[in-house]
Amino acid sequence: MPHVPAPHVLVVYTDDEPGVLTRVASLIRRRGFNIHSLTVGPTERTGLSRMTIVVDSDAPTVRQAVAHLRKLVNVLEVQQLGEGPMVVRDLVLVRVTAGPKVRSEVLQLAQVFRATVVDIAEDSLVIECTGSLDKIDALVDAMRPFGILELGRTGAVAMARGTRIPSATRAPLPLRTGSGPEAMSV
Amino acid sequence: MSQTGAQLIWESLLREGVDTVFGYPGGAILPTYDAMVGYPIRHVLVRHEQSAVHMADGYARASGRVGVVVATSGPGATNLVTGLATAMLDSTPLVAITGQVGSALLGTDAFQEVDITGITIPVTKHNYLVTRAEDIVPALREAFAVARSGRPGPVLVDITKDAQQGRARLDWEAALPHRHLRHLPPPLDPAALAQALDLIRHARRPIILAGHGVQLAGARAEVLALAERSDIPFALTLLGLGAVPATHPLSLGMMGMHGESWVNRAIQEADLLLAFGMRFDDRVTGKLKEYAPHAKKLHIDIDASELNKNVPVDVAIAGDLLEVLRALLPGVPVADRSGWLDTIREWRGDSAVRDIKNLPDDGHLYAAHVMHDLWCLTKGEAVVVTDVGQHQMWEAQYYKHDGERSLITSGGAGTMGFALPAAIGAKIARPEAEVWVVAGDGGFQMTFAELMTAVQEGVKVNIAVINNGYLGMVRQWQALFYEGRYAATPILSPDFVKLAEAFGIPGQRVETRVEVAAAVARAREAKGAALIEFKVEQEDSVYPMVPAGAALHEMIRRPSALAETGSDPV
């Protein structure tokens, strides 16, 4: 997985309706923006989704990406984090080979990363860990010598520190949701 | 009282001020066609759905209103794609309504089912899949708002057959759209305005680059006021032609790949570019690294994503051009730049002598002559709708557009086959205007079936087919950059005079310059559509030319052989 030295993190608030992810992904693809990860999920408001996009490009390209995202009808707001302090978190599930001989060593390492063991099998463990992108990379590197059998990462979820509250959480939302006029085939 | 979804479509169109739709019926849109009867909206039956979009496009560009297209599902919908892309790249406000299979059949590969919303995401501003009758009015109202607002563009609304057949109450007020307001430009930043004025104040060799946005913003008077107040010459993009008058003393004409050499030189030597509603397309800039190297740059556009996209600028203002210019004007210094203007005039040098327009009649017919004569004969007052290729560039060079919305052409997409259908739409939008189609023999053969639409609808368009027996612009590139290997560019044409007659319209053939005026007069006098085939010099090329990827000052000029035989400069 490519490492982002100074990741540009975008938080994008969108209508929560079918097809929005397609529109965002289509935009990113056709404009040739390289992305490291994209996560999407619901927010505290019905009808409002939140995406975290980690962009793998230089600053002018990121500005272009932001300007294009802001043209999508379904996008309420784009926040560009990284200009101020922020929290970025990634979650990993990693299944590591851990026979009886090395199991304690793996467990010790997991502890160093404040990772938790969520499944134990005869010859392997599944470890869960949440943290910054760097921390997760380091955990994965530490586990690699034991043999990684399976690995899944969520991609980054990010939020600004302090009191930068996005205005999207107060903006009016579509008249209808669900299979409303905006319903799209994904 | 509830109405059917199909009725709600027409009710919505009426309320949006629609008087004409361009379309083609089919199974999934049948309920809507059935409900059309009784509504005071004209339906123009096209011969191919792509032409319906071009007609709506021409209608919109000629009038400033939203063009409307209706088509059925499947192939009816996919045939719209080229037209939507054309409208998208040239910022034309359109609403395309397509029928879709019943919602229960969605995703089953039912007969004539195509995922048209999925297909058209990149070529529309937004699109909708409507599966319930009660969602039709909100979707259509928002579609019109999105099409018109900000930088205009096409929107597609795909409506399932059961939504058209279902019933709902019309609640217009409740459907008031708001999402199109999300991305309107922020309020003007006084600091940016001050910086812009500062650039103008310190400039000695400024030049205005006026684009399509001048027309879309209705900022003609303001651009002229700024130019005149500060004595700044202006150059135009292809789509900017007509936005400000070509015969204005400060007008330099078209810039870019086929712009005159002195215009491009003025840009290369300028110390300030004032880019108004244009987007630094590659056909305008040539090689970016060497573009206007001495110039500071001020860029005003309503689309923030165009700012600093191709050309990094010193001051970028995202906003409505009209509003920005009105805010700037009081602070624009009065200036006399006769020195700079004289310099540009000197750069014209022997260009006029080289100009084919000024050659004596040697018995050959040149497309440039036809365009120049057409300009003279119509007193420059016609709406000209061009196709794409050499004739398009000759038209841009030799037909001097003074009037707004007087040139309609596919600039961004370069869509061949655009001219005839777009002209039909333009004439329907502005029946009082004299509308001319200027097309090549290649592009005209792509959509000439629409001649029958013109006849059926009683639309008078005058058609000039510039026939050189080649796909001329491609042939020109082959001659210049592919060592003259004319792969697949010689093209045969039918007998256009007989073809016209088969459609029931008068056709004429012109092979020498002396015949031009009489033929044009006869075409103008004809009651309905009329066609003239101009058989022009076969291997004539468009000059000057900046080869693709070359710097703007590295132009291929008109052959000097022309200069040697030239007459007096005009």
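Computed from a predicted structure; not experimentally measured. Within every chain, numbering begins at 1; the chains are lettered A, B, ... in the order of the sequence lines, protein sequences first and strands thereafter.
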Pick from B:His183, B:Lys125, B:Glu142: which one makes a side-chain contact (heavy atoms from CB on, under 4.5 Å) with A:Val73? B:Glu142
At their closest point, which heavy atom of A:Val75 faces which heavy atom of B:Arg182, and how far apart are they? O-CD, 3.7 Å
Atom CD of A:Glu122 with >12 non-hydrogen neighbours under 6.0 angstrom: no
In Å and rounded to the nearest 0.5 Å, what is the OG to CZ distance from B:Ser305 to A:Arg63? 13.5 Å
Near A:Arg30 CZ, under 6.0 Å, is it more than 12 heavy atoms from other residues, nucleotides or ligands? yes
Using a cut-off of 6.0 Å, state whether more than 12 heavy atoms not belonging to B:Arg167 lie near its atom CZ. yes
Could you look at B:Asp158 and say if it's the side chain, the backbone, both or neither that has a heavy atom under 4.5 Å from chain A? neither
Residue B:Asp109 excluded, over 12 heavy atoms near CG under 6.0 Å: no
Answer yes or no: are there more than 12 heavy-atom neighbours, outside A:Met159 itself, under 6.0 Å from its atom CE? no
Part of B:Leu106 lying under 4.5 Å from any heavy atom of chain A: neither
What distance separates B:Asp303 CG from A:Arg70 CZ, expressed to the nearest 0.5 Å? 12.5 Å
How long is the gap from NZ on A:Lys71 to CD on B:Glu306, to the nearest 0.5 Å? 6.0 Å
Take a 6.0 Å sphere around NZ of B:Lys296 and say whether it holds more than 12 heavy atoms from other residues, nucleotides or ligands. no
A:Leu76 vs B:Arg179, side-chain contact (heavy atoms from CB on, under 4.5 Å): CA-CA, chis, key distance, verdict: CA-CA 8 Å; A:Leu76 283 83; B:Arg179 298 198 299 185; over 6 Å; no
Name the region of A:Leu27, side chain, backbone, both or neither, that has any atom closer than 4.5 Å to a heavy atom of chain B. neither
Worked verdict on B:His126 versus A:Asn74 for side-chain contact (heavy atoms from CB on, under 4.5 Å): CA-CA 9 Å; B:His126 193 58; A:Asn74 291 118; 3.1 Å; yes
Side-chain donor-acceptor pair under 3.5 Å between B:Asn127 and A:Arg23, yes or no? yes
